[in-house]
Amino acid sequence: MKEFSYVRAADTAQAQALVAERPDAVYLGGGTNLVDLMKLGVAEPDLVVDVSRLPLDGVEHRADGSVLIGATARNSVLAGDEGIRERFPALAQALLAGASGQLRSQATIGGNLLQRTRCGYFQDVTKPCNKREPGSGCPALEGAHRELAVLGTSDHCVAGHPSDMAVAMVALDAVAHLRSPGGTTRTVPVDQLYVPPGDTPHRETVLERGELITAVELPPPPAGAVMRYRKVRDRWSYAFALVSVAAVVDVEPDGSLAEVRIALGGVGTRPWRARAAEAALRGAEPTDSALRAAAGAEFAAARPLPGNAFKVDLATDLIRAVVRDLADQATRKDR
Ligand SMILES: Cc1cc2nc3c(=O)[nH]c(=O)nc-3n(C[C@H](O)[C@H](O)[C@H](O)COP(=O)(O)OP(=O)(O)OC[C@H]3O[C@@H](n4cnc5c(N)ncnc54)[C@H](O)[C@@H]3O)c2cc1C
Ligand code: SF4
């Protein structure tokens, strides 16, 4: 492991000034991803600026029904927050589906959003990888890609985004609050935080150098809607999603879908908002054939590889099961 300096930032301005002035400086949240990558030699920062103790850890439920979640709030704290469990259950379920209790107690919200891909070639510095070393190639295309993405991929990279939490946030229309080292603030929907790999897979997000995620805002959930996060994985715990679905659903009195939001994990290069499927379902009856057709519309643009083509059928089944169950639940709730 390369030697590095460590600073525990006293405040946000100091943290950002330190990262801005050193090209190889990085922020440290809980360290559960970054430190692993440093041990593997994948990340080699000169300076690590610990932001995990900055006072950005609140979970503020506002009068208008929105919630402001500080970027340094721990995953376990957010998962256990009563208001989140009651009003945004899909988010609590997604958090609890990720990693382990110990890891969730350490991991922060900002770090969870920016965790790196679990592609084995990316983590192995003896192998080429366009994301780690631009222009070196993508062995996953012909090699091990069972866990990797089928949507949003390019000829240069098929790495998937691993976060469960981000999938729920995308379904909930969450917005990230960013702060530049100069103090300028802006907001970016979590859905638009990640950039497609194209021919520059080393560029992963829209964040500028030194920009810090300070918070994530959840708008009020749609009145009357029900929601769920469901994850399919190889093992019951300690495993990343092969496919996951976060959905928000409401029905009209006649049983047709008044509201339907679907986000997918495990299949995309980013947490994947399934807008084509949503458009196909809005106003429709959630029948088996309508749900199958909607999933087909979403996966029309998929580029499955031999080892991960199964994800298309798996995701189709999961979308059908989750949306149908939620529609039933919403119907019962209305009675
Ligand atoms: C064994 C194991 C199993 C796991 N299983 C799952 C799983 O099933 N599902 C899942 O979703 N995740 C899983 N994870 C990943 C885990 O959720 C992430 O490691 C964790 O969420 C990262 O958060 P952190 O605060 O530790 O980030 P860090 O490791 O501290 O940082 C990650 C990245 O974010 C940057 N960063 C951190 N905070 C900020 C900020 N505020 N602003 C800007 N940049 C920032 C860092 O510079 C770094 O690049 C697993 C991890 C392990 C080790
Ligand atoms: S899929 Fe992406 S991360 Fe994996 S080897 Fe190819 S370029 Fe690297």
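Just so you know, these numbers come straight off a predicted model, no measurement behind them. Read the numbers this way: they start at 1 and go in the same order the structure lists the ligands and their atoms.
- At a 3.5 angstrom cut-off on N or O pairs, Asp164 counts as close to ligand 1.
- Between Asp36 and ligand 1, a contact under 3.5 Å exists for no N or O pair.
- Ligand 1 has an N or O atom lying under 3.5 Å from an N or O atom of Asn33, backbone or side chain.
- Checked against a 3.5 angstrom limit, the closest N/O atoms of Leu34 and ligand 1 fall inside it.
- Partners of Leu103 according to the side-chain contact (heavy atoms from CB on, under 4.5 Å) rule, which considers only residues two or more places apart in sequence or in another chain, are Thr32, Ala99, Ser100, Tyr238.
- Atom CG of Asp234 sits about 12.5 Å away from atom CZ of Phe240, to the nearest 0.5 Å.
- Under 4.0 angstrom from ligand 1, there are no non-hydrogen atoms of Ala166.
- At a 4.0 Å heavy-atom cut-off, ligand 1 does not touch Thr72 at all.
- Close N/O approach between Thr108 and ligand 1 is found [any backbone or side-chain N/O within under 3.5 Å].
- Of the protein's non-hydrogen atoms, the one nearest atom 7 (S) of ligand 2 is His156 O, 3.3 Å.
- For ligand 1, the polar-atom distance check finds an N/O of Ala99 within less than 3.5 Å of one of the ligand's N/O atoms.
- Counting non-hydrogen atoms of other residues, nucleotides and ligands closer than 6.0 Å to CD of Glu133 gives a total of 12 or fewer.
- Checking only distances, Leu212 never comes within under 3.5 Å of ligand 1, N or O to N or O.
- Neither the backbone nor the side chain of Ser52 comes within contact range of ligand 1; no heavy atom lies under 4.0 Å.
- In this structure, Arg132 has no heavy atom closer than 4.0 Å to ligand 2.
- Under the side-chain contact (heavy atoms from CB on, under 4.5 Å) criterion, Arg230 pairs with Leu318, Ala321, Val322, not counting sequence neighbours.
- Excluding water, every protein N/O/S atom under 2.8 Å from atom 4 (Fe) of ligand 2 is given here by residue and atom: Cys119 SG.
- The distance criterion of under 3.5 Å between nitrogen or oxygen atoms is not met by Val35 with respect to ligand 1.
- The side-chain contact (heavy atoms from CB on, under 4.5 Å) test applied to Glu211 returns Leu178, Ser180, Arg186, Leu207, Glu208, not counting sequence neighbours.
- For the pair Thr32 and ligand 1, the shortest N or O to N or O distance falls below 3.5 Å.
- At under 3.5 Å, a nitrogen or oxygen of Gly30, whether backbone or side chain, sits near a nitrogen or oxygen of ligand 1.
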- Item | Step-by-step side chain to side chain contact (heavy atoms under 4.5 Å, CB included) determination, Leu18 to Glu21 | CA-CA 6 Å; Leu18 284 167; Glu21 72 196 21; 4.1 Å; yes

